[in-house]
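Take a look at the structure below.
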Amino acid sequence: MTQFGKGCHLHLIDGSAFIFRAYHALPPLTRKSDGLPIGAVSGFCNMLQKYVEDNAGPDAPTHVAVIFDKGSHTFRNDLYDLYKANREAMPEDLRPQIPLTRRATEAFNIACKELEGYEADDIIATLARQAREAGGRVTIISSDKDLMQLVGDGVEMLDAMKNRRIDRDGVFEKFGVFPDRVVDVQALAGDSVDNVPGAPGIGIKTAALLINEYGSLEDLLDRAEEIKQPKRRQTLIEKREQIELSKRLVQLDEETPLEFGLDDLEVRDPDPEVLLGFLAEMEFRSLTKRIADQLDAEAPVIPDTTPEGANPAEEGTPEMPAIEPDTYIWVKTAEDLAPFIDAAHQRGWVAVDTETTGLNEMACDLVGISLCTEPGEACYIPLAHRADSDGGLFGDGDLAEGQMPMQAALDLLKPLLEDPAVMKIGQNMKYDAKIFARYGVRIAPIDDTMLMSYAMNAGLHGHGMDALSERYLSHTPIPIKELLGSGKKMKTFDQVPIEDAVKYAAEDADITLRLWTLLKPQLHRNHVTRVYETMERPLVPVLAEMEMAGVQVDRDTLSRMSNAFSQKMAALEAEIHELAGESFNVGSPKQLGEILFDKMGLEGGKKGKTGAYATGADVLEDLATEHELPARVLDWRQLSKLKSTYTDALQEHINKDTGRVHTSYVISGANTGRLSSTDPNLQNIPVRSEEGRRIREAFVAPEGKTIVALDYSQIELRILAHMAEIDALKQAFRDGQDIHAMTASEMFNVPMDEMTSEIRRQAKAINFGVIYGISGFGLARNLRIPRSEAQGFIDRYFERFPGIRTYMDDTVAFAKEHKRVETLFGRVIHTPEIAAKGPRAGFAKRAAINAPIQGTAADIIRRAMIRMPDAIEKLPATMLLQVHDELIFEVEQGAEEALISAARTVMEGAAEPVVKLDVPLVVDAGQGKSWAEAH
DNA sequence: CCTGTCACG
DNA sequence: GACGTACGTGACAGGG
């Protein structure tokens with residue numbers, strides 16, 4: 001053994017970089033025999049193998065180590081608790097692969113090092129220093145710019161993917177300074193990926209300029225007063241502390257307390273038996289063979305242990321047995337259940353479905369659970385079917401024979417359903433997760449076939465199980481109507497005879513599992529794995545929590561309002577009948593139309609396709625200038641709407657047990673990525689009219705708490721400015737200007753200080769029109785101006801902001817070519833209608849223009865919501881509602897400001913690190929005892 | 001069940 | 001030149 005010294009060459013491999021590169025480069029492969037996710041390990045081994053091959057020549061290293069990160073908390077988090085705070089959580093299928101990459105490194109007989117509390121970069125820095133001081137050479141295999149500060153004095157970097165060496169000049173190219181000043185530049189420029197704050201408004205270019213002028217960061221900060229640019233000077237003076245903190249964050253620790261020396265890293269040949277044994281264990285067939293050839297060793301035999309049924313990682317359509325509901329198992333005892341639990345553990349996955357007495361997860365009871373571990377092998381565990389299936393008078397509450405006691409079954413299932421190593425597969429898992437939660441089971445991890453379909457095929461078809469089964473399995477599931485009937489005599493599921501329930505329920509689990517085997521491998525092929533993994537799947541538990549939390553709604557307030565509305569409506573109705581000269585149903589558009597246009601003979605009656613006169617608000621508003629009756633009808637309609645949809649209906653939605661209102665969000669409810677809200681819809685609570693807004697007074701915080709509302713300011717316009725690259729708009733947002741006034745000023749050549757509210761209003765309508773795929777007709781109708789005038793506005797707008805027209809044209813062209821559009825985050829919205837002829841083409845065109853903007857905004861708030869639970873974990877606060885660009889919280893009094901600060905940080909940074917917007921995202925906040933006050 | 005209407009972003 | 005037209009949702013009432 002030679003001591004490390006002159007002539008020695010140390011290679012330091014950045015292990016985490018290898019892992020992430022491997023993970024993202026490869027489809028989600030799984031081990032054939034048991035489905036263990038293995039894609040990243042496979043890529044990692046291939047990269048190590050390539051590394052060994054590439055470095056066998058005359059310049060071969062004498063010493064080598066792969067360095068890994070360990071733990072998520074490092075000394076940098078003690079310096080700054082937000083360090084790396086906006087990092088994406090590690091994908092669930094990557095986590096179990098991390099220890100395997102360590103084993104892979106050891107199998108290659110390469111030293112594998114990590115240290116709790118330190119990042120890999122610090123270990124690399126320390127080893128590089130030691131090697132340099134010993135007179136040896138160092139090559140760091142990584143492309144991480146944070147390591148560039150180490151280059152020089154015999155230390156180089158090697159970007160293994162691009163096979164490019166980075167020396168002092170290479171660093172200068174990247175940072176504009178040599179390695180010894182890289183940390184100074186990084187301290188100023190900050191880093192959005194690691195969440196290093198830096199100096200706001202200063203990027204790498206400016207930072208390098210300053211450092212080169214003043215020599216060092218310290219000198220720059222000491223002499224900051226001398227800087228000519230006022231903004232820059234102010235930033236450097238005011239943010240000095242933040243900049244110095246940033247420097248400490250980016251400065252690598254070269255004195256990491258290592259418990260090994262350079263000599264321990266000497267290159268060793270792999271032991272063929274160990275290496276091949278590991279590769280065979282992972283079932284990497286071709287790599288095992290290739291390495292065996294190279295080592296001149298016998299390749300171990302990897303048995304073909306494909307389980308019966310399908311492996312979701314395989315390409316093509318798996319062979320599956322026919323769906324036969326007669327073969328499903330009725331689980332009556334723990335012994336019947338055991339084989340399914342065992343099979344689930346063995347496979348690593350199980351499809352799960354719950355049957356309940358109703359569709360409201362917060363107000364129904366669990367009736368049974370079905371499981372499926374492979375296509376065709378499904379069971380149903382009835383738990384609460386009633387003996388008197390025909391609903392007889394006697395024995396109400398008596399349970400049918402052949403059922404396990406519910407608690408006994410749940411006790412057996414809970415460990416499986418909560419086992420992090422077993423994937424629970426469902427169709428619309430949010431529903432089942434909420435049911436289980438009410439029975440004390442926190443189901444995780446989960447996969448959801450509905451969300452897979454949505455991620456891949458939004459805009460192409462629905463994502464309900466029946467539709468998916470028809471489409472992908474050519475199978476019509478047993479209709480629920482066959483079991484429950486319909487209409488007044490409809491049964492609940494606990495009244496269904498168990499023999500029938502077994503077929504229906506187990507079939508659902510079987511179908512779900514089959515869909516999963518088909519859809520899961522398609523995610524990658526459709527390039528939506530990231531969308532699914534980061535914006536669909538993680539949303540399920542977040543929404544489940546919000547829905548279960550519910551929002552407190554004050555019944556008395558609503559009730560009082562209902563009564564007031566009733567009285568006003570009655571008065572209006574009498575008045576209307578008086579004006580009409582006869583009594584009729586004011587709520588009937590048909591009757592109203594006949595009164596207005598036939599009896600009273602008003603002008604402008606237009607019949608729709610059904611032959612009825614149109615009596616929409618716009619029509620009535622026009623008539624209202626001449627006559628009193630339509631004006632009264634408008635008033636009546638507003639009250640009728642408020643009463644029936646809100647003050648009356650909301651009371652019905654107050655949950656008996658919790659006393660709160662629990663909406664249900666549909667993740668796949670809108671093709672653009674927006675959520676929708678049902679039962680009740682809490683995303684359309686009135687706000688625009690004074691009268692309607694008062695309904696929000698009924699949404700209150702409980703005693704001792706406060707409602708806090710945070711909403712994105714102008715998020716869609718900001719996204720438009722970014723996507724269409726409109727410099728003037730981008731600058732206006734950066735400067736915090738009134739964007740509509742600024743648009744008006746640009747378009748109509750009116751100076752900002754002479755702006756009138758009327759001109760601003762028109763510009764605002766145009767700005768919104770642009771987002772919707774503007775047309776002269778639409779704008780004319782909205783602004784109630786002649787079409788020619790509206791068209792003139794649009795022409796002028798495009799003249800002033802030509803980039804907008806380019807964006808719209810490009811988007812439509814993209815949609816025509818690909819039959820889809822995409823958001824900035826890669827969400828796909830299919831636009832099959834874009835090829836249509838006639839008026840439908842117009843719809844499709846405008847939808848295609850709107851979808852990337854609306855969808856990107858939807859993606860951003862989804863990302864914020866997914867990060868929110870961790871961000872507010874330590875605060876006495878609960879996220880309750882989402883209204884497209886707004887999040888509503890409930891927080892204990894006293895913690896309002898802390899919540900606003902934490903939530904705002906998450907929301908404003910939600911695009912990062914995947915997308916760096918050219919415009920800031922701004923979040924406005926409000927608080928009060930009710931939603932009305934908070935908004 | 002479909003249509004018209006109207007509440008929201 | 002005519003055709004219709006702002007984007008995305010959900011709930012309710014009326015009427016067949």
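Naming convention: chains lettered A, B, ... in sequence-line order (proteins, then strands); numbering from 1 in each chain. Just so you know, these numbers use all the heavy atoms, side chains as well, and skip hydrogens, waters and symmetry mates.
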Quiz prompt | For Arg560(A), salt bridge (Lys or Arg N to Asp or Glu O under 4.0 Å) partners two or more places apart | solution = none
Practice problem: For His463(A), check ring-ring contact (aromatic ring centres under 6.0 Å, His included) against everything at least two apart and list the hits. | Solution: Tyr454(A), His461(A)
Quiz prompt | Asn684(A) and Tyr646(A): side chain donor to acceptor below 3.5 Å | solution = yes
Self-check item: Side chain proximity check, Met723(A) to Pro852(A), heavy atoms < 4.5 angstrom
Solution: yes
Quiz prompt | Nearest-Å distance once atom P is located in both dA6(C) and dT5(B) | solution = 13 Å
Quiz item: With sugar-phosphate meaning primed atoms plus P, OP1 and OP2, does Ala857(A) contact a base, only sugar-phosphate, or nothing at under 4.0 Å between heavy atoms?
Solution: nothing
Quiz prompt | Distance, P atom - from dG4(B) to dT5(C), rounded to whole angstrom | solution = 11 Å
Quiz item: Do Ser640(A) and Met569(A) come close enough that some side-chain heavy atom pair is under 4.5 Å?
Solution: yes
Self-check item: Set of salt bridge (Lys or Arg N to Asp or Glu O under 4.0 Å) partners for Asp648(A), sequence neighbours left out
Solution: Lys643(A)
Self-check item: side-chain contact (heavy atoms from CB on, under 4.5 Å) partners for Ser644(A), two or more places apart
Solution: none
Quiz item: Strictly by modelled atom types, are Thr557(A) and Asp554(A) linked by a side-chain donor-acceptor pair under 3.5 Å?
Solution: yes
Quiz item: Do Gln683(A) and Tyr665(A) touch side chain to side chain, with heavy atoms closer than 4.5 Å?
Solution: yes
Quiz item: Mind checking whether Tyr797(A) and Phe748(A) have ring centres under 6.0 Å apart?
Solution: no
Quiz item: Does one side chain, of Asp679(A) or Ser664(A), offer a donor that lies under 3.5 Å from an acceptor on the other?
Solution: no
Quiz item: Any luck finding a side-chain donor-acceptor pair between Asn563(A) and Gln567(A) under 3.5 Å?
Solution: no
Exercise. Please work out if Leu779(A) contacts a base, only the sugar-phosphate, or nothing of the nucleic acid, heavy-atom cut-off 4.0 Å.
Key: base
Quiz prompt | Spatial distance of atom CZ (Arg796(A)) from atom CD (Gln791(A)) [nearest 0.5 Å] | solution = 12.0 Å
Quiz item: How would you label the contact of Asp885(A) with the nucleic acid (heavy atoms, under 4.0 Å): base, sugar-phosphate, or nothing?
Solution: sugar-phosphate
Quiz item: Reading nucleotides 10-16 of chain C 5' to 3', which nucleotides get B (base under 4.0 Å from a protein heavy atom), which S (sugar-phosphate only), which -?
Solution: BBSSSS-
Quiz item: Under a 3.5 Å cutoff on both atom distances, Watson-Crick or G-U, what's the dot-bracket for DNA chain C ([ ] crossing, | other strand)?
Solution: ......|||||||||.
Quiz prompt | Separation between the C1' atoms of dA7(B) and dG4(C), rounded to whole Å | solution = 26 Å
Self-check item: Within residues 848-855 of chain A, residues whose heavy atoms come under 4.0 Å of DNA chain C
Solution: Asn850(A), Gln854(A)
Quiz item: Contact class for Ala790(A) (heavy atom, under 4.0 Å): base, sugar-phosphate, or nothing?
Solution: nothing
Practice problem: Output all residues satisfying side-chain hydrogen bond (donor to acceptor under 3.5 Å, both in side chains) with Thr476(A), sequence neighbours left out; order by chain, then residue number. | Solution: Glu470(A)
Practice problem: Could you pull out all residues at least two apart from Glu758(A) that satisfy side-chain hydrogen bond (donor to acceptor under 3.5 Å, both in side chains)? | Solution: Arg761(A)
Quiz item: Rounded to the Å, how far apart are His884(A) NE2 and dT9(C) C1'?
Solution: 6 Å
Self-check item: Pairs involving residues 613-623 of chain A, ordered by first then second residue, that meet side chain to side chain donor-acceptor pair (under 3.5 Å) (sequence neighbours left out)
Solution: Asp598(A)-Tyr613(A), Thr615(A)-Arg637(A), Glu621(A)-Arg784(A), Asp622(A)-Arg784(A)
Report all interatomic pairs (protein N or O, nucleotide N or O of nucleotides 2-5 of chain C) with separations under 3.5 Å.
from: dT5(C); atom 1: O4; to: Arg787(A); atom 2: NH1; distance (Å): 2.9

Self-check item: Range on DNA chain B touched by chain A - first to last nucleotide, heavy-atom distance under 4.0 Å
Solution: dT3(B) to dG9(B)
Quiz item: Contact class for Glu886(A) (heavy atom, under 4.0 Å): base, sugar-phosphate, or nothing?
Solution: nothing
